[in-house]
Number of protein chains: 2
Amino acid sequence: MPKTGRPTSKDVAHAAGVSQSTVSIVLAGKAAGRISDATAQAVRQAADRLGYRPNLAARSLRLGQTRTVLLVVPTLSSLFFGAIYTGAARAAAEHGFGVVVYPWPDVSGPARSPFAAAHEAIDGILASSMAVGVLDGLDPLPRVMLDSDPRGEAPTVNFDVAEGMRAVAAHLAALGHRRIGHLAAAVDAWTFRERAGVLSAAVRGRPGAGLVREFTEIEIGAAREAAGRLLDRPDRPTALVCDDDLVAAGACKAARALGLDVPGDVSVTGFDDMLLAKAVEPELTTVRLPAEELGARGMAALLELLDGRRPASVSLPGELVVRASTAAPRRP
Amino acid sequence: MPKTGRPTSKDVAHAAGVSQSTVSIVLAGKAAGRISDATAQAVRQAADRLGYRPNLAARSLRLGQTRTVLLVVPTLSSLFFGAIYTGAARAAAEHGFGVVVYPWPDVSGPARSPFAAAHEAIDGILASSMAVGVLDGLDPLPRVMLDSDPRGEAPTVNFDVAEGMRAVAAHLAALGHRRIGHLAAAVDAWTFRERAGVLSAAVRGRPGAGLVREFTEIEIGAAREAAGRLLDRPDRPTALVCDDDLVAAGACKAARALGLDVPGDVSVTGFDDMLLAKAVEPELTTVRLPAEELGARGMAALLELLDGRRPASVSLPGELVVRASTAAPRRP
DNA sequence: CGTCCGCCGTCATACGTATCACTAAAGTGT
DNA sequence: ACACTTTAGTGATACGTATGACGGCGGACG
């Protein structure tokens, strides 16, 4: 009967002339003081020769843990969440963990089957605040929240959007802008509420300054329309603060459509500093959010949590990047 | 001793007053003719009440399959591959399969551990042609290639880039362009070789037409430089054909930097029609590639393969989308 | 009345791993 | 020489599931 399928630890044991237990011990790196160097060498060689790799299902069953965590994000068709994934996956890999990602609601079929499927085989959850709805009714697995309200029960890893937004406001104030428009994301998430609150406060704090706000989906057409409404006002803002680079790109388009120059007639700022910010014309003044680092730090916190420790909540600074889309207003 | 951990099928059996086997049979949907309806009902109710969900590790161990497939792409920090993932994950979810994604080389640590980790627990591989290098030395798992040379051994699901590129060439020819520049992706992949070959042939087929080519990374700065080299030539092309929308955005920037108007002085075409194409100014004439559908069809093919059938290779048509970045040349 | 058959369900087992409890042999100290 | 420790390794078992081989219990049929 010819051998079929992948070699098991028993096969390795047979090949090396030892017991399966020994193989397990050696390959787990626990040979020190229990197995002689010679035997350990022989086992490793046999494993190598046979191309042995442990069966993860068996290991998971035995250990009661999967060394896999779930990442919940609204979508992966987005550079921002793609970067978060990349950072999270890298950090996880360094600790021998895998990441399965559940984009919600992108993949939500009629049933919640895809999530259910993923959910059975995970040890913990790393979730974006924007996907919080899907987390209801799940097992109380260890959980870390990304860019979410720090007052929640779970540890959080955040961007310091308040500081970023304050920097934007200060930058525009220094240029002499007094009528500010805010293109706010029509998404119910802590980060956007925070941005709106901080911007309002900053503008209110300056005598003679005013703020008007429109909400928009994070989509180019919608952003363009919303920006159009803002720019159509009799007291047209001289600067448009946008919650996202893509929205800012839409705002630039709206301005151009009205015959306005950016930044000559109206300044525009973005948020995120993804690839898009340098691809559009003019290049966007924006707040750089280190999304990949957010993912990595979030994963690190989750792994700490799984390890029984209590990770501290983290807040990553955003950095104002001044490019070509902001300037002093012509007629303040 | 208080119950700890998740309920098992044994717990359900106990609660329903039947054996564990019966629970397994009922919940697998194989009750017909073997278990009475009354008993089946009782089992299902007990399972529901306890919140039972099967342990996937145990199931995988028993069945020798994981109902999980691996998606290999160069990166997820890209709208294009993000869309492929989304399509693939949706198709997989419909069949109760999970997807674990391995972005390569984004997450490649010093060791190939992250991949190895993922690899142990999968039934098949769906791989982008641009990540082909990482596939060497793996178990001969069922495999479907995305956008790859159809002459390979594995089934492929492709874009018909030849047809798309021919449409671009015809569009530019109809506008009166004769000196064509090609900003080709400096990536060794079938799809780009195909594009270059088709464009060369199309231009060669028209008397009096000429083609110059520069290679570039798919990155905005590099694209800008390469486009600059093309536009600096004494016989400056009147149209720039780009292998990617991002490259096209770079080309537009280079043109503007030289004081050239797009499309007045030079036409530019992109490829992919991702979000970027409508965010830049002018909006790009490009070839729409249905990336999400590619992912979905690829996954469907892989699932067929896992089911023992032999999936047919597929070629998805790309569609020319004419927007504002192309026009007749001023001085042909 | 004996036998056979369909129905309903249980028993036992194996998947591959990690680990606890144990043993046999060799070394150590007095 | 004896008790004791250290070294090197083995045996047995459990994790939770799916399934092939059985078994009891009616009713139907000859």
Side-chain angles (χ1 to χ4, degrees), chain A residues 1 3-44 46-47 50-68 96 117 120-121 123 139, chain B residues 1 3-44 46-47 50-68 96 117 120-121 123 139:
Chain A
M1 177 181 102
K3 253 331 256 183
T4 172
R6 289 229 311 253
T8 73
S9 59
K10 209 173 294 184
D11 297 328
V12 174
H14 188 77
V18 298
S19 75
Q20 182 265 331
S21 328
T22 305
V23 172
S24 184
I25 292 168
V26 169
L27 297 184
K30 299 180 180 172
R34 306 188 29 77
I35 307 291
S36 73
D37 286 359
T39 308
Q41 278 298 331
V43 167
R44 273 188 281 265
L50 296 181
Y52 167 76
R53 266 162 303 159
N55 180 316
L56 251 47
R59 174 177 290 172
S60 291
L61 177 58
R62 177 67 229 252
L63 296 182
Q65 53 162 38
T66 59
R67 294 191 81 76
T68 296
E120 311 312 325
D123 292 339
D139 290 350
Chain B
M1 179 180 103
K3 257 323 263 184
T4 172
R6 290 229 311 254
T8 73
S9 59
K10 209 172 293 185
D11 297 326
V12 175
H14 188 77
V18 298
S19 74
Q20 181 266 331
S21 327
T22 306
V23 173
S24 182
I25 291 167
V26 169
L27 296 184
K30 299 182 178 170
R34 305 188 31 79
I35 308 291
S36 74
D37 285 359
T39 307
Q41 278 298 330
V43 168
R44 272 188 282 264
L50 296 182
Y52 168 76
R53 265 161 304 157
N55 180 314
L56 251 49
R59 175 177 287 173
S60 291
L61 178 58
R62 176 68 230 248
L63 296 180
Q65 54 161 38
T66 59
R67 296 191 81 77
T68 297
E120 313 312 326
D123 292 340
D139 291 350

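The chains referred to below are lettered A, B, ... by the order of the sequence lines, with proteins before strands, and numbering in each begins at 1. The structure displayed is predicted, hence computed values, not measured ones.
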- Message: Nearest to the B:V18 side chain among D:dT17, C:dT10, C:dT17, which nucleotide is it?
- Response: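 The answer is C:dT10.
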
- State which of D:dA8, D:dT17, C:dG9 makes the closest approach to the side chain of B:T8.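 Closest of the options to the side chain of B:T8: D:dT17.
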
Interatomic distance where [atom1] belongs to [X] and [atom2] belongs to [N] [whole Å]:
X     : N      : atom1 : atom2 : value
B:Q41 : C:dC8  : CD    : P     : 14 Å
B:R59 : D:dG16 : CZ    : C1'   : 11 Å
B:I35 : C:dT10 : CD1   : P     : 7 Å
B:L56 : D:dC15 : CG    : C1'   : 15 Å

Would you list the atom pairs, donor with acceptor, under 3.5 Å between side chains in residues 29-44 of chain A and any protein atom, with sequence neighbours excluded?
unit_1	atom_1	unit_2	atom_2	d
A:S36	OG	A:T39	N	3.3
A:S36	OG	A:T39	OG1	2.9

At a cut-off of 3.5 Å, list every protein nitrogen or oxygen paired with a nitrogen or oxygen from nucleotides 19-21 of chain D, distance to 0.1 Å.
unit_1	atom_1	unit_2	atom_2	d
D:dT19	OP2	B:K30	NZ	2.9
D:dT19	O4	B:S21	OG	3.4

- Message: Does any part of the side chain of A:T8, heavy atoms only, come nearer than 4.5 Å to the side chain of A:D11, both counted from C-beta?
- Response: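 Touching, per the 4.5 Å side-chain cut-off.
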
- Item | Residue closer to the 5' end of DNA chain D, A:G17 versus B:S9 (nearest nucleotide) |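 In this pair, the answer is A:G17.
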
- Contact class for B:T39 (heavy atom, under 4.0 Å): base, sugar-phosphate, or nothing?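 Touches sugar-phosphate only.
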
- Task: Report yes if at least one side-chain N or O of B:S19 is closer than 4.0 Å to OP1 or OP2 of C:dC11; otherwise report no.
- Result: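 No, outside the criterion.
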
